[in-house]
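Nothing here was measured: the structure is a model prediction, and the numbers come from that model.
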Amino acid sequence: MKCIFVLGTAGSGKSLLTSKLSEYYTSNSAFAAILNLDPGVESLPYTPDVDVRDRIDIVSIMRQYDLGPNGALVMANDMIASQLSQIQIEVDAVNPDYLIVDTPGQIELFAYRSSGPFLTSELNADSKTGLFLFDGAMAGDAVNFISLNMLSISIRLRLQLPFVTILSKSDLPDMPTNNIIQWAMNVTSALDAASNVDGETYSLISTISSSLKQEDYAQKLIPVSSSTGDGLADLESVLSRILLMGEEVED
């Protein structure tokens, strides 16, 4: 079984991409299954094969422990890790070629608490990768792009997975896709587009960009539209290189 963890900020399109990627694999005669790890989501664009909501109920946690929604989500995500063995049994019973894991909308709950790295390391699979979405609605702004770049690298370091980075919602009108792709290859080039920000902000992003370039943290972005399907073939090709042959993506 090959495992793909779909990661990104809230609203970046994780669940829709999860659905479309599953459909793509299925249409190409591969058996793909979906594991939903978001205990707080109310509706999904797919039917999960394994769903943590069958085990963990946010409303019940709020009532039992007198918690608000945020506190309940924190507890729920930690409870998921404690039930990994049962989740693994359900996944193994499905026995897919590819397991696509839709992670919680609140990326900080998954990546920066101990439960997320535990799940990514201990879930049993032949090979694994992380798929991080640069939200196309945000990435066209140079400062936002640099921030997303830093977030992606931070999560990669936390989860210790080979990473594929994509530009989601590539079908959005007026998106400066070529500029964003260029920024991804040379993050310091984003500074030219951020020249109108105040001096303190410019100084900060300049330092960040220089550090990223110096440490060779450039990340190739694959434009993908879950609405039109554009880019899914390119994404699958890169995923195959990592999951089937163990290769990192070349920058």
Side-chain angles (χ1 to χ4, degrees), residues 2-15 17-18 21 35 37-38 77 80-81 98-123 125-136 138-139 142-168 180-190 204-205 207-224 231 234-251:
K2 320 300 180 185
C3 187
I4 303 165
F5 292 89
V6 183
L7 306 146
T9 55
S12 60
K14 296 187 296 295
S15 294
L17 179 63
T18 295
L21 188 57
L35 164 59
L37 281 184
D38 191 342
N77 277 276
I80 292 170
Y98 294 91
L99 179 69
I100 308 171
V101 183
D102 191 8
T103 62
Q106 297 79 4
I107 186 63
E108 69 277 8
L109 292 182
F110 186 78
Y112 296 113
R113 294 185 64 82
S114 58
S115 53
F118 174 79
L119 284 163
T120 57
S121 64
E122 297 302 317
L123 184 65
D126 298 324
S127 56
K128 306 171 188 176
T129 190
L131 177 57
F132 185 85
L133 281 65
F134 278 57
D135 188 340
M138 298 174 58
V143 176
N144 286 347
F145 172 82
I146 294 171
S147 299
L148 288 170
N149 212 313
M150 284 290 293
L151 178 62
S152 172
I153 292 168
S154 173
I155 293 172
R156 179 178 180 178
L157 293 174
R158 280 286 296 165
L159 301 182
Q160 295 294 299
L161 291 170
F163 250 40
V164 179
T165 48
I166 76 165
L167 177 63
S168 67
I180 297 170
I181 298 301
Q182 177 60 38
W183 297 344
M185 292 187 293
N186 179 12
V187 69
T188 56
S189 65
L204 176 59
I205 63 175
T207 301
I208 292 172
S209 300
S210 297
S211 297
L212 293 176
K213 183 177 182 180
Q214 182 177 352
E215 298 300 326
D216 195 24
Y217 279 129
Q219 303 178 92
K220 181 178 180 181
L221 277 180
I222 303 171
V224 174
D234 293 334
L235 174 58
E236 189 277 333
S237 177
V238 174
L239 288 172
S240 292
R241 284 171 49 196
I242 295 175
L243 293 170
L244 301 179
M245 295 181 283
E247 297 182 10
E248 289 278 7
V249 181
E250 295 181 359
D251 297 324

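For L7 against G130, the heavy-atom pair with the smallest separation is CD1-CA, 4.2 Å. Nearest heavy atom pair, residue L167 against residue A139, reads CD1-CB, 3.9 Å. Closest approach of A81 to L119, counting heavy atoms only: CA-CD2, 4.1 Å.
Using a 4.5 Å heavy-atom threshold, the side chains of L21 and Y98 count as separate. Residues V164 and L239 form a side-chain contact, since some pair of their non-hydrogen atoms from C-beta on lies under 4.5 Å apart. Contact of the L244 side chain with the K2 side chain is registered, since non-hydrogen atoms from C-beta on lie closer than 4.5 Å. Between Y112 and R158 there is a side-chain heavy-atom pair separated by less than 4.5 Å. You'll find the side chain of T165 stays beyond 4.5 Å of the side chain of I222, heavy atoms only. At a threshold of 4.5 Å between non-hydrogen side-chain atoms, the residues L131 and L235 count as touching. A heavy-atom distance below 4.5 Å is found between the side chains of C3 and V101. Two residues are said to be in side-chain contact when any heavy atoms from C-beta on lie closer than 4.5 Å; S168 and V224 fail this criterion.
Remark: F145 engages F134, W183 in a ring pair (Phe, Tyr, Trp, His ring centres under 6.0 Å) (not counting sequence neighbours). Scanning for side chain to side chain contact (heavy atoms under 4.5 Å, CB included) contacts around N144 gives M138, D141, with sequence neighbours left out. Annotation: side chain to side chain contact (heavy atoms under 4.5 Å, CB included) contacts of S121 (sequence neighbours excluded): none. With sequence neighbours excluded, the residues that form a side-chain hydrogen bond (donor to acceptor under 3.5 Å, both in side chains) with D102 are S15, Y46.
No donor-acceptor distance shorter than 3.5 angstrom exists from the side chain of S12 to the backbone of D135, with no hydrogens or angles considered. Although no hydrogens or angles enter the test, the distance criterion places no donor-acceptor pair under 3.5 Å between the side chain of S152 and the main chain of N149. A donor-acceptor distance shorter than 3.5 angstrom exists from the side chain of S240 to the backbone of E236, with no hydrogens or angles considered. With hydrogens and angles ignored, the 3.5 Å screen pairs a side-chain donor or acceptor of T129 with a backbone N or O of P162.
Checking each of I242, I4, L161 against K128 for a side chain to side chain contact (heavy atoms under 4.5 Å, CB included) leaves exactly one that passes, namely L161.
Within the model, atoms CG of L35 and CD1 of I80 stand 8.5 Å from one another, a figure rounded to the nearest 0.5 Å. A distance of 5.5 Å separates OG1 of T120 from CZ of F5, quoted to the nearest 0.5 Å. Distance CG/L148 to CD1/I153: 11.0 Å, rounded to 0.5 Å.
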Give every donor-acceptor pair under 3.5 Å between a side-chain atom in residues 103-111 and any protein atom, sequence neighbours left out.
from	atom 1	to	atom 2	distance (Å)
T103	OG1	V6	O	2.6

Checking T207 against L204 for the side chain to side chain contact (heavy atoms under 4.5 Å, CB included) test, could you report, in this order, the C-alpha distance in whole Å, the side-chain angles of both residues, the deciding distance, and whether it holds?
CA-CA 5 Å; T207 301; L204 176 59; 5.5 Å; no
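Applying the salt bridge (charged side-chain N to carboxylate O under 4.0 Å, His left out) definition to pairs two or more places apart or across chains, none involves residues 6-15.
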